[in-house]
Structures are given as structure tokens and as C-alpha cells.
Amino acid sequence: MSALAVARLDLKRLAVRPFAWTLAGIALAMMAWQFLLGVSTFLHAQPTLPGAATEPGFVDAVVSPYLLNYIQLCLIIAPLITMQALAGERRSQRLALLTASGASGAGIVLGKFAARLVFVWLLLVVVATLPLVLSGATHPDWGQFGAALILSALCVAALTAIGIACSAFTPEPALAATAALLIGEGLSLIDAGVRITGGDGGWLGYLALHTHLAPAMRGLVRSEDIVYFLIVIVLALALAVRRVASERERD
Amino acid sequence: MVATPALLELDRVCRRLAGRAVLQDVSFSLHREDVLGLLGVNGAGKSTTLAIIAGVLKPDAGRVRIEGRDMDDDVRALRDRIGWVPERVPLWSELTVSEALEACGRLRGLPKSARKAACERELARLELEAVAHRLCGQVSLGQRRRVGLAQALLHEPDLLVLDEPGNGLDPVQNAQLCDLIGSLSRGRGIILSSHVLAEVAAMCNRVVILHDGRVRHDAKLDASLDDRRGRLEAQFRAIAQPMAAAAA
């Protein structure tokens, strides 16, 4: 109940703040540019493709790299949209007000996560609309498109949860954003060295975001990838709940 | 006849903050219709005491009871009986006054019809109708304090906890606050902190003086206002000044 109330309150606050609109505007402008570049490259390359079934289609050549670009952008958007969620509230004593108003630690964290998740998922929906506009002119592989979209949604949810957890552990929004950015970038790049040298990455490879996104971009939804993102989300939110719930005992 | 438990009871409450003992064995009680003034110099432990009563901080030792029920047994249920207004009233500056009240009602779990009625009641009681559609970030300090009070009163709490309610108010607003607290005390208990003696003398019928985190004085104020002010000042000076001199 309190999670729903906190989520509604935060969505309302996000909707009236210029920051969220500016962030959304910049992100969508960048994504539109990326999409146009992708389509342009595809159109130039298309006459040279033999047209065999094994050749990359519209989803392989345009949509998948485009969604991966959105995830790269979310490495920055998620920390920016979550940094004030708990850190800013704590600094302005509004976290204490929420607690005194009867909201539980879990309610506060889940509500704030849900509000920001709505924001990044709405952006994803708008981002995904651009390839859909061209679906009349091309023949996208809907299964592959759906798989890429589902795992992208889970990935940005995981990045948002990490941002919320970082925001729970500090009263400084800038510090929270920096920590979330570093963790996100770390997960994004953790296996880069191993991949460059041709290894399989082992457990480092398992931790990397790329390992769990690549199959979905080829149209494969694996349960282990879904479980990975769910584990990241649950772990991050559990840490945040624990930190907020212990607020009464802290100095 | 079984005596009814006090509305609020603090029993040997201790709390450390940043390695410093802010409260040491603080004990006092409060009954319905009491307006208790918590007096003390800056850093005496007033705000910490009020945050503990509001359920926002947990005491390191000691007990806080609301009508005999221990705060630690069910802090969430007991918070519903308390309305708290901190010193720096935290408002959502992006929301209008009525939206902020609506959000608070929702957080308190009030059903829609009760929430609407409660918001209208508090807007009227605190004379906020004129600014109901103004952003919280654009209201004056006095109005801001009244919005904080309206938020705290939405669920009709039994105990009202006000941290420095008169801070930054002009004399007219202070007089209005005084009348308001008088009317709000009917049927409930109020505890407020201040370091302004005149304010406490005018609003309260009991006073607790805190110094260095300890209760130094706890008494009823039952004389006339002028007598109260004079006695309170003498009492306060007797406690605060020798200690300040000793510390120097």
C-alpha cells in the first residue's frame, strides 16, 4: 500500500520536474539520431547483401544495435534519475517525513524504484516505437525484436535498481550517481578484456551485462539471462530496503 | 481504580549521535490536553528527543511508550497516532499545497473520501485555502509551517510533536500559532520544543528543561502568563548559565 502511494507521489514529482523532461528529451533526440544513422547504414549496405536467409536483416542490422545503444545510454540515465531518490530525500529530511508518515522501508524503496522504472520503461517504449514505424516497409523478425525488447527492459530495470541501492547508501546525490555509474560501467566492461583476448570469460563473463544481452539480440531468450537480471534487481533492492529500514538506528 | 497510562512516556531514554551522548536517561510523561514545552539551549537534545518520540530515531537505551504500548513493539502502528513537524519543514516543492496534503493522506493510508474530507478540513483549519493551489516551494515560511502542521494533522493524531514551531515567524504569526496550539490541544497531547521562553510560557501548561542531554527541570506552569514567564526565565538561567560558565 505504501509502495503504491510512494510510487504515485514520485511519478507526480517526476512529471512536474523539468529535469526528467530534459533528460527524456536529450535521450530521445540521441536515440532518434542513432536510429537514423543505423537505417542509413543499412540502406547503403542493403544492395550489396545477397538476400540469403542467413544474412543480417533489419532487426540484426538496425534494431539490436539500436537497443544496445539505449542500454549504453541507460548507464548514464539510470544514475541520473535515481540519484535523488533516497539520497536527496535523506538530505532534505523528506525520508524521515516518509517514515514518520507510516511508509515502511520496503514501501519507500519499492515505490521509488517503481516510479523510476516507469520512466525508463516509457522511454524504452518510445525508443522501440521508431523501428515499429518502419515495420510496414520492412519485414522485421518479431520474435527477435520481442526477445531483444524483453531483455533490454530487464537490463534497464537492473540498472535502475542499482541506482536506487547506491542512492540508499549516501546522503549525497552526486556520490550516489557516481557509484551507480561506476557499477553499471563495471558490469558493462567487466569481460571486455577477456573477450578481446578470445577467452570465454568464466565467472567474469557471467557477471557482464553483454553476456546476457547478446543471445537476446539474436532472438534467444534464455532463462539464465532472465534469472541474472532478476538476481541483480532483487539483490540491489534488498540492500536498499535494509539500509532504509535501519535508518532509525543510524547516527 | 486502575490509573490510565500516560499518553506519552519516556523512560530513561539514551541516544548517541556521531559518538556524542546527546540524550542521557531522559524521562518524562505527557497526558492528553497537556501542552508540554521542551526548553533548552541549542544542542541540548530537544530535536533528538522529538525525533525519537516521532519514531524516526531509535533510542540506544530506554523505552518510549504511547498509552502503555512500547514504541519498539509496533513502531508503524504507533506512528499512526503521532503527527510530527520537524524544525525544517520538509515539503515537496514541486507539488501544490493541496497535492502535498493529498499525497500525505495517501501515505497514511486514508481512503479516498476520508482523504478528501481531511484535506479540506486542514486547509480550512490552518487557513490555507488561499494558497491551496500554489506550489509548496513558493509559499512563505509561516505558510510552510502551517502546511507542515496540516500534513501532521491529516490523520487526527493523538499526539502532536512540533520542533521549534515558532522559528522564523513574525509576532502576528506567533500569536496565531499560540491560539492554534490552544485549540489543537483539546483531546490530544502536544509536545513542542523551543529556546524562546516567552513562546513556551504562552503556549504550554508544562515545561521540561533539557541541558546537555539531561532533564534538569520538569514542572507544571499554572500561574499567570507574566508570572510564568518570570519564573521560567529564572529557572532557565539558573540551569543554563552556571553550566555554560563551568564549560567555559
Check [X] against [Y] and note the closest heavy-atom contact, atom names and distance.
| X | Y | result |
| --- | --- | --- |
| Pro90(B) | Ser92(A) | CB-O, 3.5 Å |
| Gln93(A) | Arg88(B) | OE1-O, 3.6 Å |
| Leu107(B) | Ser2(A) | CD2-O, 4.5 Å |

Please classify the contact between [X] and chain A as side chain, backbone, both or neither, with a heavy-atom cut-off of under 4.5 Å.
| X | result |
| --- | --- |
| Leu154(B) | neither |
| Val22(B) | neither |
| Gln151(B) | side chain |

Between [atom1] on residue [X] and [atom2] on residue [Y], distance to nearest 0.5 Å:
| X | Y | atom1 | atom2 | value |
| --- | --- | --- | --- | --- |
| Ser101(A) | Arg106(B) | OG | CZ | 13.0 Å |
| Trp92(B) | Glu89(A) | CH2 | CD | 8.0 Å |
| Arg13(A) | Glu94(B) | CZ | CD | 4.5 Å |
| Trp84(B) | Thr99(A) | CH2 | OG1 | 8.5 Å |

How about [X]: does its [atom1] atom have over 12 heavy atoms from other parts shown lying under 6.0 Å from it?
| X | atom1 | answer |
| --- | --- | --- |
| Arg81(B) | CZ | yes |
| Arg121(B) | CZ | yes |
| Glu33(B) | CD | yes |

Of the backbone (N, CA, C, O) and the side chain (C-beta and beyond), which part of Arg94(A) lies under 4.5 Å from a heavy atom of chain B, both, or neither?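 Contact with chain B: backbone and side chain both.
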Using heavy-atom distances under 4.5 Å, tell me whether Leu97(A) contacts chain B through its side chain, its backbone, both, or neither.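 Both the backbone and the side chain of Leu97(A) come within 4.5 Å of chain B.
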State, yes or no, whether a side-chain contact exists between Lys12(A) and Leu95(B) at a heavy-atom distance under 4.5 Å. yes
May I ask you to name which of Ile82(B), Val89(B), Leu91(B) has the most heavy-atom pairs under 4.5 Å with chain A? Leu91(B)
